[in-house]
Amino acid sequence: MGHVQKRLLSSASRLASVSPSVLPKFPPRDAFIAEDEVARPSFDPELWASLQPVPSSALSSFAHRIGLASVVSSDDEVRQACTHPSFVEVFRHHYPQEKRIPKSNHQLSALGNSLMGLFATEYLQAKYPYLPTRVQKAALTAHVGPATLASVAQEMGAAPLLKWHRKPETPTSPSVLHADALASIPRSLTALIYKNHSLPYARKFVHSYFLTRQVDLRAMLKFLDPKKALKEMVYRFGREPPKSRLLKETGRFTNSPVFVVGVFSGADKLGEGFGSSLKMAEFRAAENALHRVFLTHRPEHEIQLPSNTFPTGLGDVFRQGGTQGSYQPPELVAAEIRYASSDNSKAAPIRRRV
């Protein structure tokens, strides 16, 4: 197969496909060319296929595949969750006489976004009590951000069901890309679960698909000067100032020396690092000590979430009765360090070389 044939096949695989069995009339009326002198717009088969409704069989199989067949009452709700607001504008433009306008997931997506942010924030705060605010925000984006939502929706198999239209950026509205439209599907599904079932079931859905994923938080912790940050953190905890001590070394007078340095606060070793120079080893030791504190996490069986206090029954949590879950608030921990955070730091600022 030549290069041109491969490109044609790859382009055809990305086009919207519509089965003729689900259409009332095929080929469509717009595809016929009338032999008259009146100018008519050209027929775009790709646009026409994208405007056709998704078969109910595909929506039903999608709901069963992700385990929501017992929660979603009808296929129309799944169709609404997969319809981006940008598609409704294009549909109205091409079918102005149509009275049955497809429902978009605009409100469902907004509600689901708030719920996912609530579930992820309380979980990260309860699991990592010492995590700085900036890193916690980055971890929140890594768990339930637009890129993650689009990736999970792709894994669910929701891409063929998505109805959307690409829009450029304007002074009044941002651009609409495929990843942005695809990210609205998990948010809408979370809102549908909360609407049709309960808040604990929606939280279980978010935990199962998003919060159980492994995210490398260590790469999000970056320090301009870890020695100063460690000094301020130790001061906040009321401990002795940190001191660096050389633990091991080898090949000091060779081309590849290795030094192992430990950081101690009194008799307690806070961290340990190695490097080809004493400065590098001391830098890594201070960074290791900060990682040990900030990445301290509670075991899963000890994590208690504030949303457990909401009733466990069906329906809206503000209108229903029923039993409430128990919640024991954890002990408050020391506030995060403020080094290199605006002008709130008590440590001496670092002078940059010009």
Side-chain angles (χ1 to χ4, degrees), residues 120-121 123-143 211 213-303 330-354:
T121 301
Y123 176 77
L124 292 175
Q125 183 66 33
K127 186 174 183 179
Y128 301 98
Y130 298 97
L131 204 61
T133 303
R134 293 182 179 180
V135 182
Q136 187 178 8
K137 291 181 178 179
L140 180 68
T141 304
H143 279 93
L211 299 183
R213 293 173 173 261
Q214 298 295 330
V215 177
D216 186 14
L217 300 181
R218 187 179 297 270
M220 301 180 184
L221 289 168
K222 301 295 183 181
F223 303 98
L224 190 63
D225 190 341
K227 292 178 62 178
K228 277 187 178 299
L230 180 62
K231 182 178 180 180
E232 184 171 347
M233 185 189 68
V234 171
Y235 172 78
R236 284 182 174 274
F237 280 94
R239 304 291 296 275
E240 297 182 16
K243 295 183 180 180
S244 302
R245 301 175 187 174
L246 180 63
L247 301 180
K248 299 178 182 179
E249 67 170 298
T250 179
R252 178 185 285 264
F253 301 105
T254 63
N255 294 331
S256 55
V258 177
F259 301 94
V260 179
V261 174
V263 179
F264 293 82
S265 175
D268 300 329
K269 186 171 71 171
L270 304 180
E272 184 178 316
F274 69 95
S276 58
S277 64
L278 290 174
K279 283 188 176 182
M280 180 185 296
E282 193 175 6
F283 182 95
R284 290 179 175 176
E287 195 174 40
N288 177 253
L290 292 171
H291 286 170
R292 288 186 175 185
V293 175
F294 289 147
L295 297 181
T296 301
H297 62 275
R298 292 190 178 94
E300 292 291 337
H301 65 277
E302 295 182 3
I303 296 178
E331 297 181 1
L332 295 178
V333 298
E336 65 178 81
I337 61 172
R338 296 183 178 180
Y339 167 73
S341 175
S342 184
D343 297 328
N344 298 324
S345 176
K346 296 182 180 179
I350 298 178
R351 297 180 180 179
R352 299 179 180 270
R353 296 182 179 179
V354 181

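Heads up: numbering here begins at 1 and tracks the sequence. Owing to the predicted nature of the structure, the values given are computational and were not obtained by experimental measurement.
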If you draw a 6.0 Å radius around CZ in F264, do more than 12 non-hydrogen atoms from other residues or ligands fall strictly inside?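 Enclosed.
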K227 NZ: over 12 foreign heavy atoms closer than 6.0 Å: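 At most 12 heavy atoms, drawn from other residues, nucleotides or ligands, come within 6.0 Å of this atom.
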Heavy-atom side-chain proximity of [X] to [Y] below 4.5 angstrom:
X	Y	answer
Y123	K127	yes
V293	M233	yes
V260	E272	yes
P241	K231	no
N288	P226	no

Under a 4.0 Å threshold between the charged nitrogen and the carboxylate oxygen, would E287 count as salt-bridged to R284?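 E287 and R284: not salt-bridged.
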Just checking, any donor-acceptor pair under 3.5 angstrom between side chains of H143 and R213?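 Side chains of H143 and R213: no pair found under 3.5 Å.
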Please check if any side-chain donor atom of E240 sits under 3.5 Å from a side-chain acceptor atom of S265, or the reverse.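 Per modelled atom types, E240 and S265 side chains form no pair under 3.5 Å.
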If we ignore hydrogens and angles and just use 3.5 Å, is the side chain of R298 paired with the main-chain N or O of A126 as donor and acceptor?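 Checked: pair present.
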Measuring from [X]:[atom1] to [Y]:[atom2], what's the distance to the nearest 0.5 Å?
X	Y	atom1	atom2	result
Y128	L295	OH	CG	7.0 Å
L131	K137	CG	NZ	12.5 Å
L230	R292	CG	CZ	11.5 Å
L140	T121	CG	OG1	4.5 Å
F237	L270	CZ	CG	10.5 Å
F259	S276	CZ	OG	8.5 Å

Identify the two heavy atoms, one from [X] and one from [Y], that lie closest to each other, and give their separation to 0.1 Å.
X	Y	answer
P257	G251	CB-O, 2.9 Å
A229	L290	CB-CD1, 3.8 Å
V263	A286	CG2-N, 3.8 Å

If you apply the rule side-chain contact (heavy atoms from CB on, under 4.5 Å), what do you find for K248 with V261, and how did you get there? CA-CA 7 Å; K248 299 178 182 179; V261 174; over 6 Å; no
Using the ring of each side chain (for Trp, its six-membered ring), is F223 parallel, tilted or perpendicular to F294, with breaks at 30° and 60°?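 Geometry flag for F294 against F223: parallel rings.
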Stepwise, does the side-chain contact (heavy atoms from CB on, under 4.5 Å) test hold for M220 with V215? CA-CA 10 Å; M220 301 180 184; V215 177; 3.6 Å; yes
